[in-house]
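Worksheet for the structure shown next.
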Amino acid sequence: MQEVGHSYLDELNEIQRKAVVQTDGPIMVIAGPGSGKTRVLTYKIAHLINIGIAPWQILALTFTNKAAKEMKARIEKVVGPSARRVWAGTFHSLFARILRVEAHRIGYPNDFTIYDSDDSKSLINELIKSMDLDKKVYNAGAIRARISASKSNLITPKAYVQNEDMLNYDKMNRRPLTFKIYEKYVARCKRSGAMDFDDLLLQMFRLLYENPDGVKDKYQKQFSHVLVDEFQDTNFLQYEILKQFVNYEGSPHNVCIVGDDAQSIYSFRGATIENILQFETDYPNLSTFKLEQNYRSSQHIVDAANGVIGYNRRQIEKKIWTDKPGQDKIKIVKTISDNEEGRRVADMIIEQKHRHSLKNTDIAILYRTNAQSRVFEEFLRRQNILYRIYGGLSFYQRKEIKDLLAYLRLTLNPNDDEALKRIVNYPKRGIGATTVNKLLRISDDNQVSIWQSIPHVQLSKRATSLLAEFAAMIATFRKIMDEGKNAYDLAVTISKRAGLVSALKADNTMEGLGRLENLNALLDGMKDFVENDEVLDEENPLDKSLSAYLQSIALITDMDQDKEETDVVSLMSTHACKGLEFKSVFVVGMEENLFPSYMSLSSPDQIEEERRLFYVAITRAEEFLTITYSNSRYQHGQMRFNDPSRFLEELPPETVDSVVPLKQKQEFGQPKILGNFKPTGLKRLNKVKVDPQNFHPDDSSKIKAGMRVMHLKFGEGKVIDIDERFVATIAFDQVTVNPEKRIMLQYAKLQILE
DNA sequence: GGGGGCTATGGGGGG
DNA sequence: CATAGCCCCC
């Protein structure tokens with residue numbers, strides 16, 4: 001071993017170094033938060049290259065594309081540009097890339113479409129309807145989860161109908177025909193030339209397992225070293241694929257998994273900690289390295305994290321420690337409402353920035369559900385603090401974007417039924433539900449795609465000609481594509497000729513303008529794509545085809561975007577924060593029914609997962625950790641009163657500095673009399689100041705500054721000011737905390753008093 | 001047969 | 001509070 005001269009090894013502690021320089025055989029790295037896991041992975045790959053392994057022989061499976069990209073950049077610093085040839089990416093994106101080359105061997109077109117979860121749900125809903133089932137009982141989301149779980153556990157439709165557990169579970173949930181939907185769903189995807197997210201894994205598995213044309217040997221030979229990051233969040237199927245790559249006669253089993261059972265937070269997606277335990281059984285001669293020194297967080301934060309995670313029963317034994325001193329203790333802040341929570345957090349951010357000279361990028365706000373982001377946005381904007389929201393509705397999920405993408409998808413793969421259904425009548429061209437239903441029926445009878453049914457369907461004269469017109473248009477697009485137009489030019493042509501641009505231009509509202517902007521942004525992105533001359537991906541250099549474009553965006557998530565140049569506060573869900581770190585972290589909404597989520601309360605296992613999620617959230621903090629919870633908040637359009645989260649009590653008292661004293665006086669003038677009464681029992685009445693019988697709101701355009709007005713929830717008040725966006729600032733007499741409310745007149749219900 | 005407006009219902013995390 | 005389905009009208 002030529003360790004001498006590899007200076008990067010000096011940047012590692014003893015255990016990290018051992019994990020890096022051992023290059024042969026199975027390795028398991030258990031890595032606590034902030035323990036230099038990424039450093040180990042990147043240097044390990046760099047080391048492999050240094051000792052003579054070709055970059056393209058290394059398969060590194062990461063959790064996000066961004067993580068892969070960052071890792072590649074760091075490897076490049078050590079070994080140079082050859083790092084770009086490492087196969088680093090997510091399971092989904094790397095397998096999609098392989099399947100683009102190999103899919104024809106297992107009965108899919110290489111230009112297969114990737115169905116996102118909306119496509120899947122739409123298809124499932126169609127099937128539910130065609131089977132005449134009650135769509136309230138047969139909830140598409142639940143069915144999709146069921147299908148996803150089946151695929152993730154390698155349960156085929158055939159196996160499903162023979163699986164007592166699966167069938168009984170469905171019967172219990174009054175959905176005994178789930179197996180039938182699953183069967184139809186699989187057939188439909190197949191004949192549409194489409195793979196859903198789970199298929200990218202499942203079909204990859206099939207490809208290797210069935211091994212047509214000896215394709216498995218090719219990949220086994222190519223990937224001499226396989227590394228998996230965040231192994232605790234892989235599912236059964238992903239592990240089975242991993243074994244397909246690694247296990248064969250005479251294999252050196254050069255597989256390295258890195259993970260932390262305490263940070264497993266994706267079981268809802270089929271991930272299972274069992275994989276870590278199973279790995280030890282499957283590779284008995286493995287070397288295990290435990291990275292227990294935390295370089296990220298101060299003593300108090302590490303102590304708090306250890307304290308919290310100690311409440312979980314089953315874990316791999318380890319003790320995370322730090323030699324960083326503890327400075328500020330954890331602040332817990334109670335607020336009276338979700339609005340107050342937003343205001344306080346914004347205020348505290350300003351204070352921290354001044355006192356500790358933090359930049360915005362040093363700060364993150366983490367919440368359990370994306371819906372909570374709104375109040376924080378509002379108050380950050382009000383305080384002129386720049387921010388960015390990660391996750392939530394991504395750009396590519398917007399309607400106008402999906403519409404154009406559907407045209408592109410259909411042009412590339414006319415059998416893509418979901419794309420066709422989406423745009424056959426958008427913009428409106430007189431092809432309605434009746435026509436589509438006829439098409440669906442005949443497609444089902446003949447087991448072909450909708451596109452293939454078009455010439456055979458019997459319709460009225462009018463419908464026939466309209467449909468023919470549509471088909472001719474798509475055929476024209478295909479012709480243009482085949483003539484070699486690049487993806488950008490094709491998209492520009494399509495957006496004009498299909499009438500997408502004119503449809504959006506006809507909408508003069510703010511939203512309409514925004515949509516048009518988004519459409520143009522997508523086109524700009526495509527232009528970048530075709531004009532890009534920087535080779536980042538050596539395997540398929542500068543493929544500017546439509547197929548390559550669609551694949552490149554199908555698996556992009558909001559998290560993959562490059563960090564902005566601008567100095568922004570980060571807002572994201574606790575799931576999305578995995579792998580990140582910030583000097584100052586605000587974990588907000590720490591309330592029962594929210595964090596832990598009400599969905600998890602009935603099962604101890606799920607509570608433990610929520611606890612791990614809390615563990616992940618608090619261990620993002622380097623120096624300052626602030627936790628907030630609120631007495632009341634709007635949830636699902638209703639005012640709810642939640643108890644403080646049970647996890648707050650699990651924080652060791654000595655790590656917590658100041659529980660900001662409870663304001664005894666409540667905003668609504670009532671003590672909390674709720675006792676065991678659970679939130680659903682609460683009525684909005686608690687909040688109403690005014691008897692609705694005597695409340696007659698006036699036309700809000702009549703509201704002027706200086707007026708006395710009455711508000712249903714806040715009572716009487718005086719209008720102080722109305723700004724140019726028609727937001728009124730009103731001081732309410734009976735509101736003790738934060739009496740000045742900002743009310744959007746557009747939506748306001750106010751009665752003029754004088 | 002298709003389009004537009006209204007009512008009812010459901011609402012977690014994400015590749 | 002947002003979306004989907006339903007009903008009514010063209």
Side-chain angles (χ1 to χ4, degrees), chain A residues 61-68 89-96 114-122 125 129 134-136 139-142 144-145 148 151-152 195-202 230 233-235 237-238 264-271 366-372 374 390-394 396-397 399 424-438 459-464 466 553-560 572-578 589 593-601 606 609-610 612-614 616-617 634-638 640 680 747:
Chain A
L61 299 156
T62 60
F63 195 71
T64 62
N65 290 307
K66 188 181 168 199
T90 60
F91 280 83
H92 292 86
S93 65
L94 291 183
F95 295 169
I114 297 173
Y115 276 178
D116 68 14
S117 40
D118 287 340
D119 294 317
S120 298
K121 268 192 225 158
S122 145
N125 266 326
K129 213 182 213 172
D134 182 351
K135 63 170 293 181
K136 276 163 210 150
N139 172 290
R144 194 191 80 95
S148 175
K151 288 183 175 177
S152 302
M195 297 194 197
D196 64 17
F197 287 136
D198 300 303
D199 279 325
L200 294 176
L201 307 178
L202 182 62
E230 309 281 10
D233 286 324
T234 56
N235 61 35
L237 174 54
Q238 286 168 315
S264 161
I265 54 174
Y266 280 96
S267 74
F268 71 91
R269 213 162 83 182
L366 309 178
Y367 35 74
R368 179 63 181 80
T369 67
N370 286 312
Q372 287 164 257
R374 222 207 70 246
Y390 293 83
L393 189 70
S394 99
Y396 296 100
Q397 287 173 298
K399 182 191 177 304
V424 69
N425 200 31
Y426 180 83
K428 299 274 152 62
R429 53 175 71 90
I431 303 173
T434 315
T435 305
V436 172
N437 283 334
K438 277 186 188 163
L459 296 166
S460 68
K461 220 174 194 170
R462 182 183 142 80
T464 307
L466 290 170
I553 60 158
L555 298 167
I556 277 185
T557 69
D558 200 43
M559 291 308 295
D560 296 327
M572 68 187 81
S573 73
T574 42
H575 280 89
C577 75
K578 190 164 74 160
N593 297 310
L594 184 60
F595 200 170
S597 154
Y598 66 98
M599 308 281 286
S600 69
L601 296 180
Q606 288 189 53
E609 175 143 320
E610 297 282 316
R612 291 192 294 269
L613 189 54
F614 183 50
V616 168
Y634 268 108
Q635 258 176 303
H636 312 314
Q638 263 198 330
R640 299 285 174 95
T680 42
Y747 307 114

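Bear in mind the structure is a predicted one, so any value in this text is a computation, not a measurement.
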Here the helical stems involving DNA chain B, each at least 3 consecutive Watson-Crick or G-U pairs closer than 3.5 Å, sorted by first residue number, are B:1-10 with C:1-10
By nearest heavy atom, map A/T434 and A/E609 onto DNA chain B; which one lands nearer the 5' end?
A/T434
Report, one pair per line, the protein and nucleotides 6-10 of chain B atoms (nitrogen or oxygen only) whose separation is under 3.5 Å.
none

Check: B/dG11 base within 3.5 Å donor-acceptor of A/R640 side chain:
no
Do A/E610 and B/dG13 share a donor-acceptor pair, side chain to base, under 3.5 Å?
no
Do NZ/NE/NH1/NH2 and the carboxylate oxygens of A/R144 and A/D196 come within less than 4.0 Å?
no
For atom OH of A/Y266 and atom P of B/dG13, their distance in whole Å
11 Å
The criterion is salt bridge (charged side-chain N to carboxylate O under 4.0 Å, His left out); which residues satisfy it with A/D198, sequence neighbours excluded?
none
Looking at residues at least two apart in the chain, or sitting in another chain, which of them share a salt bridge (charged side-chain N to carboxylate O under 4.0 Å, His left out) with A/R374?
A/E378
One pair to check against side chain to side chain contact (heavy atoms under 4.5 Å, CB included): A/H575 and A/Y266. What are the steps and the verdict?
CA-CA 8 Å; A/H575 280 89; A/Y266 280 96; 3.5 Å; yes
Identify each atom pair where a protein N or O and an N or O of nucleotides 5-10 of chain C are less than 3.5 Å apart, giving names and distance.
| unit_1 | atom_1 | unit_2 | atom_2 | d |
| --- | --- | --- | --- | --- |
| C/dG5 | OP1 | A/K135 | NZ | 2.3 |

Just jot down the ring pair (Phe, Tyr, Trp, His ring centres under 6.0 Å) partners of A/Y426, sequence neighbours excluded, or say none.
none
